[in-house]
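First comes the structure, then the notes that go with it.
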Amino acid sequence: MPLLFPAILAMATVVVASNILVQHLFGAWLTWGAFTYPLAFLVTDLVNLKAGARAARQVVLAGFVVGVACSFVGSQIAGEFGPLVTLRVAIASGLAFLTAQWLDVAVFDRLRQGSWWRAPLVSSLVGSAVDTVLFFSVAFAAPLAWVDPVTDVAWANEVLPLLGLGPQVPLWVSLALADWLVKLALALLALVPFRWIAAQWLGWRWRQAGR
């Protein structure tokens, strides 16, 4: 199917870019990866809308494989503070990505007969919540240091007020919460390109589909 190749390419690009960018802070409570990773849900939902859940799962699986391969290459390239992609981030990203995207596909498919905005919005919100919890805990939580003992994540476990205002928590908890809030906002904003791309590029007709 012509749709699958560009979708797989887009998915792999998002995964690799996010693996690199999540290791770089944007302000005090965000990483750059917070702004790129939500695009993965947009790709999945568009494929699911056009070609169904089976095709969407194929894109997720292919994107996962390509993303893991590229992340491995990134782990062999030295950056300013170590490998471009650490082993722990790669493991956390792969686990969170596959779990959250599979859940996104299932929720979208269950809700596809409702209002046009409900399936992409709800599936993205549920998937992004699961993704955030899995990724940040596996990538940065001190009790999971055994996942990759070589990678130093002491910076992420510095105890600070939650988002600068709340109780004392490890920095990664604030990063996770801020990341999730950005994903919520982007899930809402993504409804605009979702509807436009679905109508203009995929030939979807909301009236004909009863939306």
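If you're wondering where the values come from, they're calculated on a predicted model, not measured in any experiment.
- Checking each of Asp45, Thr44, Leu103 against Phe108 for a side chain to side chain contact (heavy atoms under 4.5 Å, CB included) leaves exactly one that passes, namely Asp45.
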**OP:** Run the numbers on Val60 and Phe97 for side chain to side chain contact (heavy atoms under 4.5 Å, CB included), then give the verdict.
**Re:** CA-CA 9 Å; Val60 169; Phe97 173 83; 4.0 Å; yes
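- Note on Leu39: it does not cluster hydrophobically with Val192, by side-chain heavy-atom contacts below 4.5 Å among ILVMFWY residues.
- For the side chain to side chain contact (heavy atoms under 4.5 Å, CB included) test, residues two or more places apart in sequence or in another chain that qualify with Glu158 are Leu160.
- A distance-only check finds no donor-acceptor pair linking the side chain of Ser124 to the backbone of Leu121 [under 3.5 Å].
- Note: the hydrophobic cluster containing Leu30 does not contain Val133 (ILVMFWY, side chain heavy atoms under 4.5 Å, direct or indirect links).
- Checked by atom type and distance alone, the side chain of Asn48 pairs as donor or acceptor with a backbone atom of Val105 at under 3.5 Å.
- In this structure, Arg112 contributes its side chain and Val107 its backbone to no donor-acceptor pair below 3.5 Å.
- Linking Ile, Leu, Val, Met, Phe, Trp and Tyr whenever their side-chain heavy atoms come within less than 4.5 Å leaves Val147 and Val150 in two separate clusters.
- A donor-acceptor contact shorter than 3.5 Å links the side chain of Asn157 to the backbone of Ala142.
- With sequence neighbours excluded, the residues forming a ring pair (Phe, Tyr, Trp, His ring centres under 6.0 Å) with Phe35 are Phe26, listed by chain and number.
- Interatomic distance, Phe64 CZ to Trp102 CH2, rounded to the nearest 0.5 Å: 9.0 Å.
- From Ile8, atom CD1 reaches atom OG1 of Thr13 across 11.5 Å, with rounding to the nearest 0.5 Å.
- Shown here for Leu144 and Ser137, the closest heavy-atom pair between the two residues is CD1-O, 3.3 Å.
- With Arg88 contributing its side chain and Ala139 its backbone, the two residues share a donor-acceptor pair below 3.5 Å.
- In this structure Phe41 satisfies the ring pair (Phe, Tyr, Trp, His ring centres under 6.0 Å) test together with Tyr37, sequence neighbours excluded.
- Side-chain N or O atoms of Asp131 include none that pairs as donor or acceptor with a backbone N or O of Ala100 at under 3.5 Å.
- Ring centers of Phe194 and Trp117: at least 6.0 Å apart, outside the cut-off.
- Atom CD of Gln101 is separated from atom CG of Leu61 by 12.0 Å, given to the nearest 0.5 angstrom.
- Nearest approach of Ala34 to Leu186, heavy atoms of both residues: O-CD1, 3.7 Å.
- Between Leu134 and Val130 there is a side-chain heavy-atom pair separated by less than 4.5 Å.
- Without hydrogens or angle criteria, Thr99 side chain to Ala96 main chain gives no donor-acceptor distance under 3.5 Å.
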**OP:** Could you give me the CA-CA distance, side-chain angles and deciding distance for Leu162 and Val173, then say whether side chain to side chain contact (heavy atoms under 4.5 Å, CB included) is met?
**Re:** CA-CA 7 Å; Leu162 181 64; Val173 176; 4.1 Å; yes
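- Taking CZ from Phe135 and CG from Leu175, the interatomic distance works out to 10.0 Å, rounded to the nearest 0.5 Å.
- No single ILVMFWY cluster, assembled from side-chain heavy atoms under 4.5 Å apart, contains both Leu9 and Val59.
- Note that OG1 of Thr36 and CG of Leu21 are 5.0 Å apart. Values are rounded to the nearest 0.5 Å.
- Scanning both residues, Ser123 and Ala119, for their nearest heavy atoms gives OG-O, 2.6 Å.
- With rounding to the nearest 0.5 Å, the separation of CG in Leu42 from CG in Asp104 is 10.0 Å.
- Leu171 is connected to Leu181 through a chain of hydrophobic side-chain contacts under 4.5 Å among Ile, Leu, Val, Met, Phe, Trp and Tyr, so both are in one cluster.
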